[in-house]
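The next block holds one structure in the form of structure tokens; read it before the comments.
Numbers restart at 1 for each chain; the letters A, B, ... are given by sequence-line order, proteins then strands. Note: hydrogens, waters and symmetry copies are ignored here, and every other heavy atom, side chains too, is used.
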Amino acid sequence: MAAPRHVYLIDGSGFIFRAYHALPPMNRADGTPTNAVYGFTSMLIKLIEETGADHVAVIFDKGRRSFRNDIYPDYKAQRPDAPEDLVPQFPLIREAVRAFNVACVEMEGFEADDLIATYARQATEAGAEVTIVSSDKDLMQLVSDKVGMVDMMKNRSIDAAAVVEKFGVPPDRVIDVQALAGDSVDNVPGVPGIGIKTAAKLIEEYGDLETLLERAHEIKQPKRRQSLIEFAEQARVSRQLVTLRDDVAVPIPLTDFAVQKPERETVLGFLEAQAFSSLLAKITARLDADSPQAARAPVEAAYQTVADLDTLDRWIAEAEEAGVVAVDTETDRLDARGAGLVGVSLATAPGRACYIPLAHRAPAGKQQGALFDGPAEAAAERLPGQLDPAQALARLRPLLADPGVLKVGHNIKYDLHVLAGAGRRLTDDGPLTVSPLDDTMVLSYVLDGTAHGHGMDELAELHLAHKTIPFSQVCGKGKSQISFAEVPLDQATAYAAEDADITLRLYQLLRGRLRAEKMTAVHETLDRPLVGVLTEMEAAGIRVDAAVLKDLSGDFARRMADLESHIHELAGREFNLASPKQLGEVLFDEMGLKGGKKSSKTGAWGTGAEVLETLAAEGHDLPARVLDWRQLAKLKSTYTDALAAAIDPGTGRVHTTFSMTVTSTGRLSSSDPNLQNIPIRTEEGRKIRQAFVASPGHRLISADYSQIELRILAHVAQVEGLKQAFADMRDIHAITAAKVFGKQPDEVDSGLRRQAKAINFGIIYGISAFGLAAQLGIDRGAAKRFIDDYFEAFPEILAYMETTKAFARKRGYVRTPFGRKCMTPGISEKNPNLRGFAERAAINAPIQGGAADIIKRAMIALPGALVEHGLKTRSLLQVHDELVLEAPEDEVDAASEVIRATMEQAASLDVPLIAEVGVGASWASAH
DNA sequence: ATCATCACG
DNA sequence: GACGTACGTGATGATA
């Protein structure tokens, strides 16, 4: 047997407790809780697969007593019993270890930590490297250049530097610090009044515990000196308690830890019994990949490069036969709308896929027989072995449009743009239409929310245990990146066909989860039909008047220059106004202004708008001017200049990309450029909206939901007072003010209304007294009283908040009124600060997400409703509670009415939905 | 790549 | 009793 080179020692007991607390409750069909088993098993798989360990063992505690109780009877005496839904998981976890054929050690009278210390010593003496898998601070004393620690749950490694950070001393002095500081959790007494900080300081000064205790009389602080003298013996006992034994007569030799392949049936049987379907899929795929059978029939053998029409027709016939086909397009650029089609891949069954290269060319500068560098075009020589793009697309067109064949893509919006463009450019029959369709990226998001990313590579790894060929492997990266068009056909097929193959396999897997996880309705009625709607909106774009932007940009630039010279004069020197660091130094170091705060992270002065506003209010001119400059700089760089550059020269319009799989609440996001954050709150900023204009002969229509989030709150929390106010079409903030401040509605002035409005917003955000106080500029006591009065006026809201939090704690997610899952990571955090964050997010998610669901329903219903009324009006943008549309002048009134009605009827809640519609030549005048 | 800042709902 | 927070995004320029 080979000598150990890298030994992994897993602190089993420690891991179980952390997995139990970190993961939301899970149960088998028979009710047995399994969350800790799941966490443990995933960790074990990850460890076996991803590390170079040749020896692995899991070490457990056995029994509650150890030799330490003989030294000090109270050691770990106050440990509470394990939670009752954890107890039945202990035997399952040992079963998991056995199923994976991993060594497992426990020993009466010793803690797991002692066994780990012993094996670590033996391994290093045998010349091996050791990794301890644990986050237990008591094991940190073992860290050395040969022994590392890794925290699998936080995915970080703990080296000597991390130990110094934790204990203030290197690993070999940790026990001295622990002996002094004691540990209330383990009931190690230590020396009263000395914590880790002080202990580290003392040990650093005196070298070690014994020296310190001998020279305790030298200590200056009388109390500390007294303590150290009086409790010297207690410190020595504590040191014994925290010192790990590395000389235990272990029951299993280190050599028995050698990694062994698990028995297929045993592992699969175990995973199946626990109903760990995702792990089961992963392990099955891994075992299949490793089996000799798979080696004889490599998956690539089924990937075919299509070079003639007969072969293409056979693939199309196969897709027709299957009724489902995964489709992926390859392009010469990343940007979907301008990109040229380079090839198409299809998959008809798992492992069975093809690539149809259409526009590959010889790499630039590598043309054969070229004796001189010709112009770039000369290099763009079409490679042989490719179908004529127009001909191939003509064959594909009926398949893509066939109502009997489902086309599945991964982020299919991208492929739809590419195919539309290719159809328009390369054929006489116009854009290629794709229907019906589904999208594995969207499916993954509907099922798992933000629990993980939704890129194909990540999903293939997660669900299929398959590492895809990285794009960078075929195209390179950075400066030397080449276009996919320059990738040789064999490599292109390996990459592209794999993408289609993976897409199809993911589709089958994810599709199958919808029903069981009760997500079918959300997927089928909200997200899946929205894909096509968003594609249309992105393709439509919105007209932006470059001349307006240019004028604004010039105006902003002039005013910024004036402000800049004035500010430099006030500062007495020139500096980069755009640098918060330099500004902070000018304001607080050089000018000596008071009230600055250094950030704890970087030690830089904070110069945010709030800080500058306070200084400006105190009468300082410089910060006031900086605020003006900042506003203009923001508008110029982010909006006037960037938007002008984003105008597509082909359409004269700006085309954003909407993402459906980004947010934790179900909202969309917009990027490249972001058209969901165009300024409106200030007069100066609003001018930008004048540049967003309707096409000639058209008008922009802006329709936004009024108070949609408060209405959803009234509905989900069944708040009688709010429901009544909305039913009566009253001013909701004024009514809130009346109820909270105990006035008649006609006694509410604008100040009270403003405060009530802030409270209403706060409630939606999962209010805290601190946040409300900051918002209103009042003290926390007053804010607290407002909140109490609010909950008294609307008691159902408090109940809603509590039930929502409890639901999230139990399940790890919350649901919107339409069934969408929103993940709530951190909801069971021990740190009250982090937990608070998660709780507020959990309270907000059903409200924000419910509003997102409603506007999605309206967006899906709108195209049909407009067509039904014979209207050509089309949607352009969505800004969370607002839709922007473009209507021919002569149908503006009719369209406005259809839009209003469609939005208001998009959902039927216990409160009415109200949409307000405006019309104008520009977005500024329509809003 | 990360931070600080600030635009939106 | 202190901690330190309003919810959700994306783009920019500076800086490491």
Side-chain angles (χ1 to χ4, degrees), chain A residues 450 575-584 598-613 626-627 629-643 645-646 656-659 662-682 684-686 688-689 704-705 707-709 713 758-776 780 783 787 814 822 824 826 830-849 851-852 855 877-883 923 927:
Chain A
T450 43
F575 66 100
N576 185 354
L577 254 180
S579 161
K581 184 164 170 277
Q582 294 181 33
L583 175 63
K598 286 193 175 182
S599 87
S600 51
K601 264 192 194 142
T602 57
W605 293 103
T607 67
E610 226 167 289
V611 176
L612 299 187
E613 272 159 18
V626 171
L627 282 167
W629 184 90
R630 281 224 181 125
Q631 189 194 14
L632 296 174
K634 180 79 173 184
L635 294 177
K636 183 168 186 297
S637 69
T638 310
Y639 298 103
T640 58
D641 294 353
L643 276 175
T656 186
T657 301
F658 289 107
S659 299
V662 167
T663 69
S664 56
T665 57
R667 271 191 178 181
L668 302 180
S669 79
S670 156
S671 58
D672 301 303
N674 183 353
L675 296 185
Q676 288 182 322
N677 72 345
I678 302 303
I680 192 170
R681 290 175 187 170
T682 68
E684 230 34 79
R686 250 194 316 272
I688 309 264
R689 293 194 174 216
D704 68 293
Y705 279 113
Q707 310 286 1
I708 188 165
E709 294 194 341
L713 174 66
I759 304 176
N760 277 331
F761 268 103
I763 290 292
I764 290 167
Y765 295 152
I767 203 153
S768 72
F770 180 91
L772 183 63
Q775 188 62 39
L776 287 175
R780 267 170 60 181
I787 295 170
V814 291
C822 306
T824 56
K830 268 211 314 267
N831 180 332
N833 192 20
L834 297 178
R835 190 176 61 242
F837 263 120
E839 288 175 345
R840 291 193 296 272
I843 289 166
N844 173 258
I847 301 172
Q848 189 183 112
I855 198 165
L877 301 177
Q878 186 252 43
V879 194
H880 308 309
D881 65 355
E882 173 191 9
L883 294 176
W923 197 2
H927 203 283

(request) Output the distance between atom CG (Leu635(A)) and atom CG (Asp641(A)), rounded to the nearest 0.5 Å. (result) 10.5 Å
(request) Identify whether any heavy atom of Gly685(A) sits under 4.0 Å from a base atom; if not, whether one sits that close to sugar-phosphate; answer base, sugar-phosphate or nothing. (result) nothing
(message) What is the distance, to the nearest angstrom, from the CG atom on Leu635(A) to the P atom on dA7(B)?
(response) 7 Å
(message) In whole Å, I'd like the distance from the CD atom of Glu684(A) to the C1' atom of dC8(B).
(response) 18 Å
(request) Round to a whole Å and report the spacing from CD of Gln631(A) to C1' of dT12(C). (result) 16 Å
(request) Would you mind checking if Arg630(A) and Glu613(A) are paired as a salt bridge, meaning a charged N to carboxylate O distance below 4.0 Å? (result) no
(message) With rounding to the nearest 0.5 angstrom, report the OH to CZ distance, Tyr639(A) to Arg689(A).
(response) 9.5 Å
(message) Closer than 3.5 angstrom, by distance alone: can the side chain of Arg780(A) be matched with the main-chain N or O of Phe770(A) as a donor-acceptor pair?
(response) no
(message) Could you check whether any side-chain N or O of Ser670(A) sits under 3.5 Å from a backbone N or O of Leu675(A), counting only pairs where one atom can act as donor and the other as acceptor?
(response) yes
(request) Measure the distance from CG on Leu632(A) to P on dA7(B) and round it to the nearest whole Å. (result) 10 Å
(message) Does a side-chain N or O of Arg681(A) approach OP1 or OP2 of dA7(B) to a distance below 4.0 Å, or not?
(response) no
(request) Answer yes or no for Arg835(A) and Phe837(A): cation-pi contact, defined as NZ/CZ to six-membered ring centre under 6.0 Å and angle to ring axis within 45°. (result) no
(request) Check every strand shown and say whether Gln582(A) touches a base, only sugar-phosphate, or nothing at a heavy-atom separation below 4.0 Å. (result) sugar-phosphate
(message) Below the 4.0 Å mark, does dG13(C) have OP1 or OP2 next to a side-chain nitrogen or oxygen of Asn576(A)?
(response) no
(request) Look only at the side chain of Gln676(A) and the backbone of Gln878(A), and say whether a donor-acceptor pair between them is shorter than 3.5 Å. (result) yes
(message) Under 4.0 Å, heavy atoms only, any strand: does Ala609(A) hit a base, just the sugar-phosphate, or nothing?
(response) sugar-phosphate
(message) Just the rounded figure in Å: distance from P of dC6(B) to CH2 of Trp629(A).
(response) 11 Å
(message) Only pairs with both distances under 3.5 Å count, Watson-Crick or wobble alike; so what is the partner of dT15(C) in this structure?
(response) dA1(B)
(message) Distance check needed: dG9(B) P versus Asp704(A) CG, whole Å only.
(response) 9 Å
(request) Taking the side chain as every heavy atom from C-beta outward, state whether Phe575(A) and Leu577(A) have any pair of such atoms under 4.5 Å apart. (result) yes
(request) Take atom P in dG4(C) and the same atom in dC8(B), then report the distance between them in whole Å. (result) 30 Å
(request) Sugar-phosphate means primed atoms, P, OP1 and OP2; the rest is base. With that split, encode nucleotides 5-11 of chain C 5' to 3' as B, S or - using protein heavy atoms under 4.0 Å. (result) BBBBSBB
(request) Measure the distance from CG on Leu643(A) to C1' on dC8(B) and round it to the nearest whole Å. (result) 13 Å
(request) For dC3(C) and dT5(B), measure between their P atoms and round to the nearest Å. (result) 23 Å
(request) With heavy atoms under 4.0 Å as the rule, sort Ile847(A) into base, sugar-phosphate or nothing. (result) nothing
(request) Determine the interatomic distance between P on dC3(B) and the same-named atom on dT5(C); round to the nearest Å. (result) 15 Å
(message) Could you tell me how far apart Lys830(A) (NZ) and dC3(C) (C1') are, to the nearest whole angstrom?
(response) 16 Å
(message) Is there a side-chain contact between Thr607(A) and the phosphate of dA4(B), meaning an N or O under 4.0 Å from OP1 or OP2?
(response) no
